Amino acid sequence: MKEKVFEFLLNVPKGKVVTYGQIAEYTGNKKAARAVGNILHRNPDENKYPCYKAVDSKGNLSRNFAFGGIEMQKEKLESEGIEVRNYKVDLNTYKWNETK
DNA sequence: TAGATGACTCACA
DNA sequence: ATGTGAGCCATCT
């Protein structure tokens with residue numbers, strides 16, 4: 001299951017973000033978003049998996065980011081070319097559709 | 001091994 | 001808008 005999360009994460013193109021629910025849905029359990037968040041929180045390979053691309057349903061950045069705080073996540077997202085407004089991203093624009 | 005917690009999300013009052 | 005309850009999975013204690 002975690003492997004699916006990581007795979008999904010690696011599949012996320014640069015400049016795009018995904019929601020926990022979306023990842024959970026991909027892994028097979030839409031309601032397992034909690035587990036997804038937990039997996040990313042205890043992210044085994046921070047430098048390998050773009051965990052900062054994971055945002056909540058509202059496009060809000062992670063509530064308790066693991067490294068340096070959400071500010072760092074914001075910076076990273078901006079580095080990807082994503083416009084971050086007050087620790088929030090426009091899902092309508094940046095949320096990635098795997099089928100797309 | 002079992003119980004509790006958490007980067008979540010949705011629904012209802 | 002704010003608060004509570006339910007549902008899943010991985011990790012912690």
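Not measured: the values here are computed from a predicted model. Values below: every heavy atom of this structure, side chains too, minus hydrogens, waters and symmetry copies. Protein chains get the first letters and strands the later ones, always in sequence-line order, with residue 1 at the start of each.
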To the nearest angstrom, how far is A:Lys31 atom NZ from B:dC10 atom C1'? 10 Å
Does A:Lys2 reach a base, just sugar-phosphate, or nothing at all? Heavy atoms under 4.0 Å. sugar-phosphate
Nearest-nucleotide 5' precedence on DNA chain C, A:Lys30 against A:Met1: A:Lys30
Just by distance, no angles: are the side chains of A:Glu71 and A:Tyr87 close enough, under 3.5 Å, to form a donor-acceptor pair? no
State the CD1-NZ distance between A:Ile70 and A:Lys88, to the nearest 0.5 angstrom. 10.5 Å
What distance do A:Thr27 atom OG1 and A:Gln22 atom CD have between them, rounded to the nearest 0.5 Å? 11.0 Å
Aromatic ring pairing A:Tyr49/A:Phe6, orientation class (parallel under 30°, perpendicular over 60°, tilted between): parallel
Every protein N/O within reach of nucleotides 2-5 of chain C N/O, cut-off under 3.5 Å:
none

Hey, are A:Lys76 and A:Glu78 close enough for a salt bridge, meaning a charged N less than 4.0 Å from a carboxylate O? no
Closest heavy-atom contact between A:Lys2 and A:Ile39? CG-CD1, 3.7 Å
Regarding A:Lys53 and A:Glu80, does a basic nitrogen lie under 4.0 Å from an acidic carboxylate oxygen? yes
Quick one: is B:dC10 close enough that its OP1 or OP2 comes under 4.0 Å of any side-chain N or O from A:Ser57? yes
From NZ of A:Lys58 across to C1' of B:dT9 the rounded distance in Å is 8 Å
Donor-acceptor pair, side chain of A:Asn29 and main chain of A:Ala32, under 3.5 angstrom: no
In whole angstroms, how far is the C1' atom of C:dC9 from the CD1 atom of A:Ile23? 14 Å
note: A:Asn29, atom CG; B:dC10, atom P; distance rounded to Å ~ 15 Å
Quick check: closest heavy atoms across A:Gln73 and A:Leu61, and the distance to 0.1 Å? OE1-CB, 3.5 Å
What residues in residues 7-14 of chain A put a non-hydrogen atom under 4.0 Å from any atom of DNA chain B? none
Grab the two heavy atoms, one from A:Thr19 and one from A:Asp56, that are nearest each other, plus how far apart they are. CG2-O, 3.6 Å
Distance-only polar pair, side chains of A:Ser79 and A:Tyr52, donor-acceptor under 3.5 Å: no
Between protein and nucleotides 5-7 of chain B, what N or O pairs are separated by less than 3.5 Å?
{"unit_1": "B:dG6", "atom_1": "N2", "unit_2": "A:Asn38", "atom_2": "ND2", "d": "2.2"}
{"unit_1": "B:dG6", "atom_1": "N3", "unit_2": "A:Asn38", "atom_2": "ND2", "d": "2.5"}
{"unit_1": "B:dA7", "atom_1": "N9", "unit_2": "A:Gly37", "atom_2": "O", "d": "3.3"}
{"unit_1": "B:dA7", "atom_1": "N7", "unit_2": "A:Gly37", "atom_2": "O", "d": "2.5"}
{"unit_1": "B:dA7", "atom_1": "N7", "unit_2": "A:Leu40", "atom_2": "O", "d": "3.4"}
{"unit_1": "B:dA7", "atom_1": "N7", "unit_2": "A:His41", "atom_2": "N", "d": "2.2"}
{"unit_1": "B:dA7", "atom_1": "N6", "unit_2": "A:Leu40", "atom_2": "O", "d": "2.4"}
{"unit_1": "B:dA7", "atom_1": "N3", "unit_2": "A:Ser62", "atom_2": "OG", "d": "3.0"}

